[in-house]
Every structure is written in structure tokens, then in C-alpha cells.
Amino acid sequence: MPELPEVETVVRTLAPRLVGRRIHAVILKTRKAWAASAAKLRGRRIQRVERYGKYILLHLDRGVGAIHLGMTGKLMAGAAPGAYTRAVLVLDQGRVVFDDVRQFGSVRWLKRPPDGLGPDALSILPDEFVTRMAQRRGRIKALLLNQAFVRGIGNIYADESLFRARIHPLAPANRLSKDRALRLHRCIVEVLSEAVASGGSSISDYVDADGRPGWFQFQHRVYQRTGEPCVACGAKIRRILVAQRSTHYCPRCQRQ
DNA sequence: TGGAATGTTCGGCT
DNA sequence: AAGCCGAACATTCC
């Protein structure tokens with residue numbers, strides 16, 4: 001579940017319970033390579049909690065805790081550990097439980113926030129978005145998924161944004177007119193903001209730090225609606241593969 | 001039973 | 001050299 005809106009929702013529900021807390025102990029139930037790094041969180045005080053693309057950053061008195069939810073990661077305040085719990089941060093007041101069925105997520109201690117990521121999808125300015133797009137020849141859908149280009153967009157919101165902007169997912173980025181690029185930027189901000197306001201999309205079992213699901217999945221217009229009628233024109237939604245990911249679009253509304 | 005699922009990374013090829 | 005592809009990671013669900 002974890003794209004920008006889901007991570008943002010987790011951060012908003014988590015932050016009030018974490019800021020000012022000290023991490024007394026780190027319990028690890030994983031053999032993943034990040035475990036050694038995660039152990040360094042012990043003893044640190046959490047000064048600020050921030051979303052950084054799809055990362056949850058705990059700004060500490062020394063360094064940062066960087067949590068990535070991968071595909072199935074969940075971060076829950078005060079929850080009981082279960083079968084898929086990979087890490088528990090024991091605080092001076094309460095605890096945070098990190099569950100992750102597929103284990104693509106991670107909990108790490110870093111000297112500084114991760115580098116190599118592009119500007120945040122919700123804060124990049126229209127002009128910069130247009131300029132960066134003009135420098136890329138790749139397919140627009142693949143580019144939106146590329147965190148080095150913009151950070152925060154994943155498979156759901158890439159499809160939903162392209163649908164709203166009426167842009168074909170295979171369109172080469174640098175071949176879009178300035179108007180269409182601006183429209184795409186506007187639609188990305190719109191879709192992400194609406195999704196944040198809805199608490200994200202719960203497509204399998206996503207919940208925020210308080211265990212509450214989001215409801216933006218009821219607003220999806222193309223994502224996982226293959227074969228269903230387009231809400232705008234009635235044409236059947238099509239599914240193709242782009243960058244090895246399922247890509248859903250309306251063949252009539254989104255022309256090449 | 002095989003394929004697909006909210007993600008990232010790496011190696012190889014052009 | 002950017003960009004593409006396939007594979008890998010691990011587990012569940014239908």
C-alpha cells in the first residue's frame with residue numbers, strides 16, 4: 001500500500017506519538033541485511049518525523065531512522081507483535097511495530113537521509129517538472145515510477161494520474177507538449193492530494209499507524225479495473241506491462 | 001497451478 | 001549512456 005499518500009498518512013498518525021520519545025530497545029525478528037544498521041537506533045531520541053518520498057524518516061539526535069514499507073510493510077503504534085513482525089522499536093513510552101509479510105521493506109539507521117532521489121512529487125514546481133520531462137526520452141509511465149526522477153509516485157498513482165491527464169502510458173516523456181506536461185503535473189498533485197485526504201488506498205490490507213484503512217481505493221478510475229468501462233467514455237479499460245508493472249489505461253481517453 | 005500483488009536493485013544488452 | 005529487459009528478493013491469494 002505504500003506510495004506517497006499511504007506513507008504520508010502513516011507519518012501523520014505516527015508523528016504525534018513519536019516526537020520527543022527515546023528508543024530504548026530495538027527488537028529484530030529478521031535475518032535481513034538491514035538488521036545490523038537498525039540496531040543502531042537504540043538510545044537515540046526522535047526529534048522529528050518526516051515523509052521523504054516513500055520513506056518514513058525519524059530525525060534523531062544523531063542520524064536518521066529510515067523506514068521503507070516495501071510492498072506489504074506496516075508501521076503501527078502500540079500494536080501487538082504478530083507472525084509477520086520484523087522489528088519492534090521499544091520507546092520510553094509505548095512502542096512501534098513493523099510488520100512486513102513479503103519482507104521487501106527495511107528499517108535502517110543512516111547518517112543522513114537517502115540520496116539519489118528526485119524532487120518530491122507533491123512539492124516539485126510545474127516549471128521544474130516540465131523541464132525535467134523534456135530531458136527524458138523514456139516512456140512516461142516508467143519515468144513516473146522512477147524515484148530518481150520524482151519521489152513518491154508508485155504504480156497506483158502513476159496510472160491514476162495519467163488517466164486524469166489523458167496521457168498514454170507509453171508516450172515518450174520528451175514528446176509531450178508543454179501544455180500536456182503541465183496538465184500531468186496538475187493531475188499528479190490533484191490525485192495525490194485527494195488520496196492523502198482519503199487516508200490512502202487500502203487495496204489489500206494497508207492500515208495507518210492507528211490501524212485504520214484508507215478509502216481512496218473507491219476513487220480509483222483505472223487501477224485494477226481491467227475490462228471494466230471507463231468512467232469517462234465507457235470504453236473497456238486495458239492492461240499492459242510497462243517497466244514490468246501492470247499498467248491500466250483507457251484506450252479511448254488516453255491516446256498515444 | 002501459475003501468475004500477480006502498493007517496490008527496489010542489479011547485471012546485461014543496445 | 002540512457003533506457004530497456006529480466007531476474008531476484010519472499011509470501012499470499014485466487
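Owing to the predicted nature of the structure, the values given are computational and were not obtained by experimental measurement. The analysis underlying the following values was restricted to heavy atoms, covering all of them including side chains, and did not include hydrogens, waters or symmetry mates. Protein chains get the first letters and strands the later ones, always in sequence-line order, with residue 1 at the start of each.
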**Q.** B/S/- contact track for nucleotides 9-14 of chain B, protein heavy atom under 4.0 Å
**A.** ------
Q: Measure from the side-chain heavy atoms of A/Asn155 and tell me the nearest of C/dA10, C/dT12, B/dG7.
A: B/dG7
Q.
What is the distance, to the nearest angstrom, from the CD atom on A/Gln244 to the C1' atom on B/dG7?
A. 13 Å
(Q) Please report the interatomic distance CZ(A/Arg245) to NZ(A/Lys141), rounded to the nearest 0.5 Å. (A) 7.0 Å
Q | Approximate separation, where rounding is to 0.5 Å, of A/Ser37 OG and A/Leu110 CG | A | 6.0 Å
**Q.** Side chain of A/His68 (C-beta onward), nearest among B/dT8, C/dT11, C/dC4
**A.** B/dT8
Q: Please work out if A/Gln224 contacts a base, only the sugar-phosphate, or nothing of the nucleic acid, heavy-atom cut-off 4.0 Å.
A: sugar-phosphate
Q) If you look at every strand shown and take non-hydrogen atoms under 4.0 Å, does A/Arg239 touch a base, only sugar-phosphate, or nothing? A) sugar-phosphate
Q) How many Å lie between CD on A/Gln103 and P on B/dA5, as a whole number? A) 20 Å
(Q) Using a 3.5 Å distance criterion without hydrogens, assess whether the side chain of A/Gln254 forms a donor-acceptor pair with backbone atoms of A/Pro251. (A) no
Q. Does any N or O in the side chain of A/Arg183 come within less than 3.5 Å of the main-chain N or O of A/Ala165, such that one atom is a donor and the other an acceptor?
A. yes
Q) Rounded to the Å, how far apart are A/Leu143 CG and C/dA2 P? A) 13 Å
Q) Quick one: are A/Gln147 and A/Lys54 in side-chain contact, heavy atoms under 4.5 Å? A) yes
